[in-house]
Amino acid sequence: MKIIVHGGAWAIPDNAVEDHLKGVTQAVKQGLREKNALDAVEKAINTMEDDPTFDAGYGSFLNANGEIELDAIIAENSNFGAVAGVSKVKNPISLAKKILKDNEVNFIVGRGAEEYAGKKGVPLCDPRELIMERELKRWEQIKKENKKPEDFFHSTVGAVALDENGNIAAGTSTGGTPNKIPGRVGDSPIFGAGCYADSSIGISATGYGEYIMRVLLSRTVAELYKKMELKQACKEALTVLRDIRGYGGVISIDIKGNFGYSFNTPRMAYAFNEGNKINSLI
Ligand code: ASP
């Protein structure tokens, strides 16, 4: 199994470095316990959704109404399951995986997604269980300071895995941007923008969603990969994003087992394995 994860691309402050490194390392470790790529991506992302360091699942940023709205996608072999704007689902990536597996529709939002989770046995929770005191304070502070979206933090999480059978899966899970307009959905759950996977490559992206979705950043990596090495494709995709003054980062694996990553933010938290050894970087 090969797995790479990210825990957001932004100016991660020095005092948050250790938690981010620990979080991404733990995610790779948990992902490696699985046999197939889809389960590995789900497990790695579940680990980061449950870790309050990241803007996904528990501890996510609050929207302008002080509520949590989560988005997630998981993809494999040019197919995907996605959810957006859910407040009662502890692990949205698991709901996305259920939608992919059921293979009836691809994308369910809001109340309908929560009803679907209830019917299909994906655990629901009280929305308040996902809200942390830290985020309530941040929300009050942001309201006072009237911050612009580009000042925000981007601790979305993502994972890409390649298993022994040559299956590639990719996933992304987020609470979106702090103080977002209620109902706002960024790039993360959009196939081709925040995530992409076909039979030869898988990608997860993070960063300023409004720009990432305009260039379909993850799909851009896949298109460039047809013409160049994976590392170069990731780098070039970031120049496409930079050209419209967007910023963020991508992680990727190709069918040959190569890892790719690139970002144009001061830092990105990411980790990948070499056999049982885990490399964690920021
Ligand atoms: N891309 C996410 C969004 O715009 C944010 C992030 O990556 O942290 O919702």
Side-chain angles (χ1 to χ4, degrees), residues 38-39 41-50 54-132 135 139 149 155-159 169-197 204-206 209-210 212-214 216-219:
L38 198 66
D39 292 342
V41 165
E42 180 193 21
K43 185 55 91 52
I45 292 183
N46 282 164
T47 307
M48 293 187 283
E49 285 175 334
D50 293 343
F54 304 106
D55 174 35
Y58 175 64
S60 285
F61 298 138
L62 307 184
N63 69 13
N65 289 344
E67 299 153 347
I68 274 186
E69 288 179 325
L70 306 172
D71 311 327
I73 179 170
I74 196 161
E76 182 181 58
N77 224 348
S78 303
N79 195 6
F80 70 96
V83 294
V86 293
S87 307
K88 295 187 194 163
V89 182
K90 190 170 160 279
N91 292 108
I93 199 72
S94 298
L95 178 54
K97 186 178 139 195
K98 183 76 187 123
I99 293 168
L100 170 64
K101 284 277 183 195
D102 290 350
N103 204 23
E104 193 183 336
V105 295
N106 288 104
F107 202 156
I108 315 181
V109 305
R111 206 181 57 231
E114 291 165 354
E115 276 173 22
Y116 192 86
K119 270 191 216 137
K120 302 283 180 163
V122 176
L124 290 169
C125 64
D126 186 317
R128 283 169 303 190
E129 282 172 37
L130 300 173
I131 298 180
M132 279 179 87
E135 291 310 319
W139 180 69
S155 282
T156 287
V157 305
T172 306
S173 182
T174 189
T177 44
N179 200 35
K180 65 187 177 185
I181 294 171
R184 175 266 187 193
V185 178
D187 63 298
S188 301
I190 297 174
F191 189 60
C195 177
Y196 179 79
S204 172
T206 177
E210 275 62 22
I212 292 174
M213 68 172 105
R214 287 176 209 173
L216 290 175
L217 187 61
S218 293
R219 178 63 189 239

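Put simply, the side chain of Leu62 reaches to within 4.5 Å of the side chain of Ile68, judged on heavy atoms. Within the 4.5 Å cutoff, side-chain heavy atoms of Asp39 are placed close to those of Lys97. The shortest side-chain heavy-atom distance between Asn179 and Phe61 does not fall under the 4.5 Å cut-off. Contact annotation: the side chain of Leu38 approaches that of Leu100 to within less than 4.5 Å [non-hydrogen atoms, C-beta and beyond]. Contact check for Lys90 versus Asp50: side-chain heavy atoms found under the 4.5 Å cut-off. The shortest distance between side-chain heavy atoms of Asn106 and Asn79 falls below 4.5 Å. Looking only at side-chain heavy atoms (C-beta outward), Phe54 and Glu49 stay at 4.5 Å or farther from each other. Counting only heavy atoms from C-beta outward, the side chains of Val41 and Glu76 never approach each other to under 4.5 Å.
Between Asp187 and Gly209, the shortest heavy-atom distance links the atoms OD1-CA, 3.0 Å. Nearest approach of Ala205 to Ile212, heavy atoms of both residues: CB-CG2, 4.4 Å. Counting all heavy atoms, side chain and backbone alike, Tyr116 lies closest to Lys98 at CE2-CG, 4.4 Å. The nearest pair of heavy atoms linking Glu69 to Ile181 is OE1-O, 4.4 Å. Between Trp139 and Ala64, the shortest heavy-atom contact is CZ2-O, 3.3 Å. The nearest pair of heavy atoms linking Gly57 to Ser60 is O-OG, 2.8 Å.
With hydrogens and angles disregarded, a donor-acceptor distance shorter than 3.5 Å links the side chain of Lys180 to the backbone of Gly175. Side-chain atoms of Asp102 do not come within 3.5 Å of backbone N or O of Glu104 as any donor-acceptor pair. Asp71 contributes a side-chain N or O that, together with a main-chain N or O of Gly85, makes up a donor-acceptor pair within less than 3.5 Å. Judged purely by atom type and a 3.5 angstrom limit, Glu114 uses its side chain to pair as donor or acceptor with the backbone of Ser87.
The OG1 atom of Thr174 lies 4.0 Å from the CG atom of Asp55; values are rounded to the nearest 0.5 Å. Between the CG atom of Leu130 and the CE atom of Met132 there is a distance of 11.5 Å, given to the nearest 0.5 Å. Here the OG atom belonging to Ser204 is positioned 10.0 Å from the CG atom belonging to Leu217, to the nearest 0.5 angstrom. Note that CD1 of Ile131 and CD of Glu67 are 7.5 Å apart. Values are rounded to the nearest 0.5 Å. Distance CZ/Arg111 to NZ/Lys88: 9.5 Å, rounded to 0.5 Å. We find the SG-CD1 distance between Cys195 and Ile93 to be 7.5 Å, quoted to the nearest 0.5 Å.
Under the 30°/60° scheme for interplanar angles, the aromatic rings of Phe191 and Phe80 are found to lie parallel.
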Practice item. Determine, step by step, whether Ser94 and Glu42 satisfy the side-chain contact (heavy atoms from CB on, under 4.5 Å) criterion, reporting the C-alpha distance in whole Å, the side-chain angles of both residues, the deciding distance to 0.1 Å, and the verdict. Key: CA-CA 6 Å; Ser94 298; Glu42 180 193 21; 2.7 Å; yes
Practice item. Please assess Glu210 against Arg184 for the test salt bridge (Lys or Arg N to Asp or Glu O under 4.0 Å), listing each intermediate value before the final yes or no. Key: CA-CA 10 Å; Glu210 275 62 22; Arg184 175 266 187 193; 2.8 Å; yes
Practice item. Apply side-chain contact (heavy atoms from CB on, under 4.5 Å) to Leu70 and Val83, showing your working. Key: CA-CA 8 Å; Leu70 306 172; Val83 294; over 6 Å; no
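Residue-environment remark: CZ (Arg214) exceeds the threshold of 12 foreign heavy atoms within 6.0 Å.
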